[in-house]
*Asks:* 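Take this structure, written in structure tokens, and hold onto it; I'll ask about it next.
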Amino acid sequence: MKIYNTLTRRKEEFTPLEPGKVKIYTCGPTVYAYAHIGNFRSYVFSDIMRRTFEYLGYQVRQVMNITDVGHLTTDEVGTDKLELGAAREGKTPEEIARFYEKAFFEDAAKLNIQKPHITCRATEHIQDMIALIRRIEANGFAYHTKVGLIFDTMKYQDYARLGRLKLDEQKAGARVDVDPDRKNPSDFALWITNQPKHLMQWDSPWGKGFPSWHIECSAMSIKYLGERFDIHTGGVDHIPVHHTNEKAQNFAATGKEVVRYWVHGAFLTLGVTRMGKSEGNLVTISELESQGFEPAAFRYLCLTALYRSPLNFTEKSLKSAQNSLHGLLDFGRIASGWPEHEDSSWLKPYQEEFRSAVADDLNVPQALAVVWNLVHKANKQPDRNTWNTILDFDRVLGLGLKHLLSITSPVPEEVRRLAQEREQARTRKDWAEADRLRGRITELGYAIEDTPKGPRLKPQP
RNA sequence: GGCGGCAUAGCCAAGUAGUAAGGCAGCGGUCUGCAAAAUCGCAAUACCCGGGUGCGAAUCCCGGUGCCGCCUCCA
């Protein structure tokens with residue numbers, strides 16, 4: 001297995017800390033609004049990674065955080081996103097967080113994103129964060145300002161490495177005011193005590209307040225995966241600040257590098273700009289559904305690009321993905337009825353190609369190409385095991401092909417009757433009547449295919 | 001201003017030195033009563049532009065152009 005490590009900017013051979021086991025921490029959502037398909041592209045990526053390791057025989061332990069402590073917004077310093085959401089909807093921050101957390105996992109399930117083995121809420125780990133901050137402070141990496149307890153980034157020699165930052169040349173405060181009390185512009189808060197209006201406050205050795213964002217990931221990843229673990233995933237936007245700070249905290253607390261491979265997913269772009277909560281150009285899973293797209297079609301779209309490449313989302317590209325998915329299901333419908341070949345060894349090369357594609361830094365587009373090459377080959381050489389093989393591949397792809405095939409709703413009585421009548425007309429060679437009946441069937445949303453075994457009806461998308 | 005990334009057919013997108021995967025859409029042949037499905041074939045004349053290094057470059061180097069992201073919470 002090869003994986004691209006942001007730390008070295010190179011594809012590296014993956015070696016687990018413990019043989020046969022992989023520990024993955026996935027940066028989870030902030031639950032104050034519906035997650036959008038850009039977010040979900042990222043979680044499809046981490047899901048594919050997990051599935052690939054499982055496919056290759058590793059035992060995976062995946063942890064994901066739920067950020068239910070809000071963070072400062074741009075326009076109104078001191079207001080917390082969760083509290084904004086709460087005010088907007090007349091609810092408590094906790095109600096808001098639970099509501100959107102539930103929505104997140106429901107949408108994730110629609111996309112066949114496997115639930116991490118452990119999901120952990122920030123608000124339920126405040127004591128772990130405080131304990132970790134104490135270690136950071138005891139090791140001399142922190143100091144106080146009016147804001148609260150601040151991390152001294154200059155104490156960590158490797159601070160700039162992950163993000164390849166050139167701190168002296170960055171425009172500090174280009175977009176936000178600098179706290180004049182900080183020693184370095186890159187220093188960041190660990191615990192904030194100067195926001196008394198915040199609803200969410202906890203007692204701490206540094207006063208009543210709340211944790212800054214980065215510490216939750218350090219605290220919870222270490223708690224559930226240990227002071228050394230294999231992989232940390234997230235979006236590329238987290239490289240320069242969030243993960244850079246997290247890495248610094250990890251080192252400050254433990255004296256060692258906790259994460260071995262930092263892996264980041266690229267954005268889903270919408271035409272030319274990214275999709276973001278701040279950009280106001282969000283598309284949610286339910287919106288796609290109401291436009292007649294299946295969640296699995298969106299997942300398929302995600303599979304057509306490498307996780308490290310930006311993926312352009314347009315209605316056309318989604319439609320194309322949905323058509324491809326339907327084509328694959330059509331194949332499955334037919335292939336699952338084929339007899340088994342006495343010798344299926346011809347499938348071997350395809351299986352090996354698939355495996356090496358996904359093992360090569362999750363090259364899923366390549367793996368999909370293998371699937372289609374196999375489909376074409378199989379159409380000339382029918383063997384039921386082809387479909388079984390593709391279902392096996394689906395352990396990685398996660399399209400839920402088996403399920404999608406099974407849920408095809410039964411053909412309505414009327415459509416079946418019309419199809420029968422059409423068959424009778426065809427026997428009489430009354431083509432005009434046959435075509436008229438086919439027209440009716442089309443109007444009812446079904447397509448008809450004449451096969452040697454009789455007509456086949458399928459829902460028209 | 002700094003840092004990072006991207007630029008391959010109508011669309012989405014692999015390939016990253018050895019002569020352009022795959023999907024969608026399109027066109028033509030076979031099949032079909034006609035269709036559909038399947039199948040065969042067509043479709044980039046070399047992959048943003050200009051230099052350079054190679055026997056050889058989409059693939060490496062240099063210089064441009066365009067676009068995007070991060071530097072503020074964001075996947």
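Proteins come first, then strands; the chains are lettered A, B, ... in the order of their sequence lines, and each starts at number 1.
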*Asks:* With C1' as the reference atom in both, quote the distance from B:C62 to B:C24 in angstrom, rounded to an integer.
*Replies:*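 Result for the C1' pair: 38 Å, nearest Å.
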
*Asks:* Determine the Euclidean distance between corresponding P atoms of B:C49 and B:C42; express it in Å to zero decimal places.
*Replies:*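 It works out to 26 Å between them.
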
*Asks:* Which nucleotide in the list B:A75, B:G4, B:G22 gets nearest to the side chain of A:R9?
*Replies:*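 Of the candidates, B:G4 comes closest.
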
*Asks:* Provide the distance between the two C1' atoms, one in B:A13 and one in B:A7, to the nearest whole Å.
*Replies:*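 To the nearest whole Å, 13 Å.
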
*Asks:* What nucleotide, of B:A75, B:C24, B:G33, holds the atom closest to the side chain of A:S320?
*Replies:*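 Shortest atom-to-atom distance from the side chain points to B:C24.
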
*Asks:* When you compare B:C11 with B:U16, how far apart are their P atoms, in angstrom units rounded to a whole number?
*Replies:*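 It comes out at 24 Å once rounded to the nearest Å.
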
*Asks:* What's the CG-P distance between A:D450 and B:C34, to the nearest Å?
*Replies:*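 These atoms are roughly 11 Å apart.
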
*Asks:* Could you give the distance separating B:C60 and B:G15 at their P atoms, to the nearest angstrom?
*Replies:*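 Going atom to atom, P in each nucleotide, I get 12 Å.
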
*Asks:* Could you tell me the separation between the CG atom of A:L311 and the P atom of B:G69, rounded to a whole number of Å?
*Replies:*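 To the nearest whole Å, that distance equals 15 Å.
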
*Asks:* Tell me the interatomic distance from A:N312, atom CG, to B:A7, atom P, rounded to whole angstroms.
*Replies:*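 For the pair A:N312 CG and B:A7 P, the rounded distance is 12 Å.
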
*Asks:* With centres under 5.5 Å and planes under 30° as the test, does A:W372 stack with B:G22?
*Replies:*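 Stack criterion not met.
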
*Asks:* Are A:N39 and B:A75 close enough that a side-chain N or O sits under 4.0 Å from OP1 or OP2?
*Replies:*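 Answer yes for this pair, as a side-chain N or O of A:N39 is under 4.0 Å from OP1 or OP2.
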
*Asks:* Are A:Y55 and A:D392 side-chain neighbours, meaning at least one heavy-atom pair lies under 4.5 Å?
*Replies:*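 Side-chain contact under 4.5 Å: yes.
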
*Asks:* How far, in whole Å, is B:A17 from B:A57 if one measures between their P atoms?
*Replies:*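 The answer is 14 Å between these two P atoms.
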
*Asks:* Expressed as a whole number of angstroms, how long is the span from A:L457:CG to B:A37:C1'?
*Replies:*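 The distance from CG of A:L457 to C1' of B:A37 comes to 13 Å, rounded to the nearest Å.
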
*Asks:* If I take atom NZ in residue A:K316 and atom C1' in nucleotide B:G10, what distance separates them, rounded to the nearest angstrom?
*Replies:*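 Distance check: A:K316 NZ to B:G10 C1' gives 5 Å.
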
*Asks:* Using side-chain heavy atoms (C-beta onward) and a distance below 4.5 Å, is A:Y4 in contact with A:V263?
*Replies:*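 No. Closest side-chain heavy atoms not under 4.5 Å.
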
*Asks:* Measuring from the side chain of A:K380 (C-beta onward, heavy atoms only), which nucleotide among B:U39, B:A21, B:A75 has the closest atom?
*Replies:*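 Looking only at side-chain atoms, A:K380 lies closest to B:U39.
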
*Asks:* Considering only side-chain heavy atoms of A:N323, which listed nucleotide, B:A25, B:G33, B:A21, is closest?
*Replies:*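 Ranking B:A25, B:G33, B:A21 by closest atom to the A:N323 side chain puts B:A25 first.
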
*Asks:* So that I know where these two stand, are A:W338 and A:F331 an aromatic pair - ring centroids less than 6.0 Å apart?
*Replies:*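 Yes, the ring of A:W338 comes within the 6.0 Å limit of the ring of A:F331, centre to centre.
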
*Asks:* Hey, is B:G33 sitting syn or anti, using the within-90° cutoff around 0?
*Replies:*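 Anti conformation here, the glycosidic angle of B:G33 being more than 90° from 0.
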
*Asks:* Name the closest nucleotide to the A:R426 side chain, picking from B:A75, B:A25, B:C34.
*Replies:*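 Of B:A75, B:A25, B:C34, B:C34 is nearest to the side chain of A:R426.
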
*Asks:* Applying a 3.5 angstrom cut-off to the pairing atoms, does RNA chain B sit in any stems of at least three consecutive Watson-Crick or G-U pairs? List them by first number.
*Replies:*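 Stems found: B:1-7 with B:65-71, B:10-12 with B:22-24, B:26-30 with B:38-42, B:48-52 with B:60-64.
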
*Asks:* Between B:C6, B:A13, B:G15, spot the one nearest the side chain of A:L306, thanks.
*Replies:*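 Closest nucleotide to the A:L306 side chain: B:G15.
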
*Asks:* Using a strict 4.0 Å threshold on nitrogen-to-oxygen distance, state whether A:D430 and A:R436 make a salt bridge.
*Replies:*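 No, this pair does not count.
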
*Asks:* The side chain of A:E449 lies closest to which of these nucleotides: B:A37, B:A75, B:C40?
*Replies:*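 It is B:A37.
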
*Asks:* Distance criterion of 3.5 Å, no angle test: do you see the side chain of A:R161 paired donor-to-acceptor with the base of B:G4?
*Replies:*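 Per atom types, no contact qualifies.
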
*Asks:* Just compare B:A14, B:A37, B:G33 and give me whichever is closest to any side-chain atom of A:A434.
*Replies:*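 When the side chain of A:A434 is considered, B:G33 is the closest of B:A14, B:A37, B:G33.
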
*Asks:* Does A:N363 contact B:G15 through a side-chain donor or acceptor facing the base, at a distance under 3.5 Å?
*Replies:*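 Flag unset: no donor-acceptor pair detected.
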
*Asks:* Please report the distance, rounded to the nearest Å, between CG in A:L301 and C1' in B:C24.
*Replies:*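 Rounded to whole Å, this separation is 11 Å.
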
*Asks:* If the cut-off is 4.0 Å, is A:N379 near the phosphate of B:U39, judged by side-chain N/O to OP1 or OP2?
*Replies:*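 Yes, because at least one side-chain N or O of A:N379 sits under 4.0 Å from OP1 or OP2 of B:U39.
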
*Asks:* Here's a test for you: under side-chain hydrogen bond (donor to acceptor under 3.5 Å, both in side chains), which of A:K247, A:E246, A:H243, A:H242 qualifies with A:H214?
*Replies:*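 It is A:H242, the one option of A:K247, A:E246, A:H243, A:H242 that forms the side-chain hydrogen bond (donor to acceptor under 3.5 Å, both in side chains) with A:H214.
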
*Asks:* So if I take every side-chain heavy atom of A:P365 and compare against B:A75, B:C34, B:A14, which nucleotide ends up nearest?
*Replies:*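 Nearest to the side-chain atoms of A:P365, counting from C-beta on, is B:A14.
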
*Asks:* Between B:A58 and B:A35, how far is it from one C1' atom to the other, in whole Å?
*Replies:*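 Those two atoms are separated by 42 Å.
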
*Asks:* With rounding to whole Å, what would you report as the distance between B:C12 and B:G50 at their P atoms?
*Replies:*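 Rounded to whole Å, the distance is 23 Å.
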
*Asks:* Between A:R456 (CZ) and B:A37 (P), how many Å, whole number?
*Replies:*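 Roughly 10 Å, once rounded to whole Å.
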
*Asks:* Check whether any side-chain heavy atom of A:F229 lies under 4.5 Å from a side-chain heavy atom of A:V63, and answer yes or no.
*Replies:*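 Not in contact.
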
*Asks:* For B:A14, take OP1 and OP2 only and decide whether either is under 4.0 Å from a side-chain N or O of A:S309.
*Replies:*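 It does, given that an N or O in the side chain of A:S309 lies less than 4.0 Å from OP1 or OP2 of B:A14.
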
*Asks:* Over how many whole Å does the gap from A:R164 atom CZ to B:G69 atom P extend?
*Replies:*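 Between P of B:G69 and CZ of A:R164: 22 Å.
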
*Asks:* Students often mix this up, so state it plainly: with edges at 30° and 60°, are the rings of A:H264 and A:W262 parallel, tilted or perpendicular?
*Replies:*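 Rings of A:H264 and A:W262: parallel, under 30°.
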
